[in-house]
Structures are given as C-alpha cells and as structure tokens.
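Here the structure comes first, spelled out in structure tokens, and everything after it is commentary.
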Amino acid sequence: MYYTYILLSLKDKKTYVGHTKDIKNRLYKHNSGQVLSTKNRKPFKLFHLEKFLTMKEAKNRELWWKSSTGRKEMKKLF
C-alpha cells in the first residue's frame with residue numbers, strides 16, 4: 001500500500017505534499033528534522049491521507065495536489 005499525504009506545519013500553517021510507503025515513519029522523519037525541505041517548518045500534523053495500490057498512482061496524485069487545480073481543491077479542505 002502506498003500513500004499520498006498532506007502535512008500542515010503548526011509553525012507557519014503551510015502545507016507539504018508527498019508520497020510514501022510507510023506513513024508513520026515518514027511523519028516521524030518530518031517531525032524530527034530529518035527531511036531537508038521541511039526541517040525548519042516542524043512540527044507537522046497529518047492533514048490529509050489517501051491510499052493507493054501502486055507507487056505510480058500515489059506519485060501521480062502527489063503531482064496533482066501540487067498542480068494549480070490540486071491547490072484550489074486543497075484550499076476547500078481548510
């Protein structure tokens with residue numbers, strides 16, 4: 001099982017979108033500062049999670065969330 005996730009930074013209230021196979025480990029890495037692109041924005045909480053059977057599906061969904069259409073939909077979730 002693969003996941004596409006949206007994290008919300010409790011520090012700056014901005015989001016981060018990614019995909020992973022192990023969501024618990026990935027969230028731990030983000031919150032412990034092990035991810036270079038988010039280490040200055042921790043702590044994070046899991047805002048949205050989607051499950052997929054393949055990594056390709058999860059990555060495609062990540063790219064969709066990062067698109068202008070996906071960002072507009074994300075604003076509706078807030």
Side-chain angles (χ1 to χ4, degrees):
M1 191 68 61
Y2 294 87
Y3 304 92
T4 298
Y5 61 92
I6 301 173
L7 301 179
L8 178 64
S9 169
L10 300 177
K11 181 178 181 181
D12 62 12
K13 305 299 183 208
K14 293 183 181 180
T15 57
Y16 177 85
V17 179
H19 73 280
T20 187
K21 189 168 181 160
D22 184 350
I23 190 64
K24 285 184 180 184
N25 184 49
R26 192 65 179 155
L27 185 58
Y28 170 78
K29 286 185 176 188
H30 280 289
N31 280 321
S32 65
Q34 295 180 39
V35 179
L36 214 56
S37 60
T38 61
K39 74 182 213 173
N40 293 322
R41 298 174 49 212
K42 61 185 181 171
F44 289 91
K45 72 173 184 176
L46 187 58
F47 179 71
H48 184 75
L49 184 66
E50 298 173 326
K51 296 179 186 178
F52 298 94
L53 293 176
T54 67
M55 183 171 60
K56 184 177 181 178
E57 290 174 305
K59 184 162 179 100
N60 285 341
R61 186 63 170 178
E62 174 189 350
L63 293 174
W64 181 84
W65 279 115
K66 291 178 176 181
S67 73
S68 60
T69 305
R71 289 285 175 191
K72 287 176 188 172
E73 285 297 312
M74 193 184 305
K75 287 183 179 184
K76 292 178 185 178
L77 294 176
F78 275 102

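Rounding to the nearest 0.5 Å places CE of Met55 at 11.5 Å from OG1 of Thr4. In this structure, the separation between OH on Tyr3 and NZ on Lys21 is 10.0 Å, given to the nearest 0.5 Å. Between Lys39 atom NZ and Ser32 atom OG the span is 11.0 Å, to the nearest 0.5 Å. With rounding to the nearest 0.5 angstrom, the CG atom of Leu7 is 6.5 Å from the CD1 atom of Ile23. With values rounded to the nearest 0.5 angstrom, Met1 atom CE is found 13.5 Å from Thr20 atom OG1. Annotation: the span from Thr15 atom OG1 to Phe44 atom CZ amounts to 9.5 Å, rounded to 0.5 Å.
A heavy-atom distance below 4.5 Å is not found between the side chains of Lys42 and Val35. Counting only heavy atoms from C-beta outward, the side chains of Leu77 and Glu73 never approach each other to under 4.5 Å. Two residues are said to be in side-chain contact when any heavy atoms from C-beta on lie closer than 4.5 Å; Gln34 and Tyr28 meet this criterion.
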Discussion item. Quick one, Tyr16 with Arg41, criterion side chain to side chain donor-acceptor pair (under 3.5 Å). Give me CA distance, side-chain angles, the key distance, then yes/no.
Written reply: CA-CA 10 Å; Tyr16 177 85; Arg41 298 174 49 212; over 6 Å; no
Discussion item. Is there a side chain to side chain contact (heavy atoms under 4.5 Å, CB included) between His48 and Trp65? Walk through the geometry before answering.
Written reply: CA-CA 11 Å; His48 184 75; Trp65 279 115; 3.7 Å; yes
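The shortest non-hydrogen separation linking Lys11 to Asn40 is NZ-O, 2.9 Å. When all heavy atoms are compared, the tightest approach of Val17 to Lys66 is O-CE, 3.4 Å. For His19 against Tyr5, the heavy-atom pair with the smallest separation is N-CE2, 3.5 Å. Taking each heavy atom of Ala58 and Phe52 in turn, the nearest pair found is CA-CD1, 3.7 Å.
The pair Glu57-Arg61 fails the salt-bridge criterion, with no side-chain N (NZ, NE, NH1 or NH2) lying under 4.0 Å from an Asp/Glu carboxylate O.
By the rule that hydrophobic residues join a cluster once side-chain heavy atoms approach within less than 4.5 Å of another member, Leu10 and Phe47 end up as members of separate clusters.
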